[in-house]
Amino acid sequence: MSEKLSEKFSKFEKIYLMEKHRVDSFKNWPYDESADCSITKMAQAGFYWSGSKSDDDTVTCFVCGKTLHGWDPTDDPWKEHAKHAPQCQFVKYGHKEVDLTVEEFLNIFSAVGMNKMMKDVNGIKSRFLTRASAELEKCLSEKK
């Protein structure tokens, strides 16, 4: 891959759009590649590692945002994803990134963008409501 192309794809790293970025996110995953829930299979099913040193088996879907933990080595990532998030667009397509059509990839990209935007908007809304509520309380207490 050319350096320029690689640089462009690195912009997707924080949203885990590319399977490679999801694979790279796994830091302390407790299972090796022989497990049904290996790092490769987890990333192919849309998951990136969102755990910590004390909670090493937590993953999140890059599309729907569903977080799952408590994995056993025999758990199938696709089946678990479908069971817990049947509405996920990635689950609905049901195949790895490499097998997505251009249209499916663009639909996934759109869903990820919309979810990120809604998360950002909700964060702004929450901060605004908290600040507005505090200012209203302050105004009301000053009038007493």
Donor-acceptor pair, side chain of S133 and main chain of T130, under 3.5 angstrom: no

Any side-chain heavy-atom pair of K116 and D120 under 4.5 Å: yes

Residues D72, T74; criterion side chain to side chain donor-acceptor pair (under 3.5 Å); working and verdict: CA-CA 5 Å; D72 291 324; T74 57; 5.5 Å; no

Spatial distance of atom CZ (R127) from atom CZ (R131) [nearest 0.5 Å]: 9.0 Å

Distance in Å, T60 OG1 paired with H69 NE2, rounded so as to fall on 0.5 Å steps: 10.0 Å

Chi angles and distances behind the side chain to side chain donor-acceptor pair (under 3.5 Å) call for S50, T58: CA-CA 6 Å; S50 55; T58 299; 5.6 Å; no

Same apolar cluster: M18 and M42, side chain cutoff 4.5 Å: no

Geometric class of the H81/F47 ring pair [parallel <30°, tilted 30-60°, perpendicular >60°]: tilted

Side-chain ion pair, K41 and E33, N-O less than 4.0 Å: no

Residue pair K79 / K83, side-chain heavy-atom distance below 4.5 Å: no

Aromatic plane relationship, W29 with Y31 - under 30° parallel, 30 to 60° tilted, over 60° perpendicular: perpendicular

Residue pair V63 / I108, side-chain heavy-atom distance below 4.5 Å: yes

Atom pair CG/CE of N115 and M118 - distance to nearest 0.5 Å: 9.0 Å

4.5 Å side-chain heavy-atom contact, I39 and V23: yes

From L100 atom CG to E19 atom CD, the distance as rounded to the nearest 0.5 Å: 9.5 Å

Exercise: identify the closest heavy-atom pair between K96 and W78: N-CZ2, 3.9 Å

Test log, rule side chain to side chain donor-acceptor pair (under 3.5 Å), inputs N107 and S110: CA-CA 5 Å; N107 288 338; S110 175; over 6 Å; no

Verify same cluster id: V59, Y16 (apolar side-chain graph, 4.5 Å): no

Hydrophobic cluster identity match, Y93 and F62, side-chain contacts under 4.5 Å: yes

In one Ile/Leu/Val/Met/Phe/Trp/Tyr side-chain cluster, 4.5 Å: L68, F26: yes

Point-to-point distance, once rounded to the nearest 0.5 Å, from SG of C64 to NZ of K92: 10.5 Å

E103 atom CD, over 12 foreign heavy atoms within 6.0 Å: no

Same cluster (ILVMFWY, side-chain, under 4.5 Å), W71 and W49: yes

Heavy-atom donor-acceptor pair, E104 side chain to T101 backbone, under 3.5 Å: yes

Value rounded to 0.5 Å, distance of CG in L17 from CZ in R22: 7.5 Å

Worked verdict on Q44 versus H95 for side chain to side chain donor-acceptor pair (under 3.5 Å): CA-CA 8 Å; Q44 288 173 343; H95 45 262; over 6 Å; no

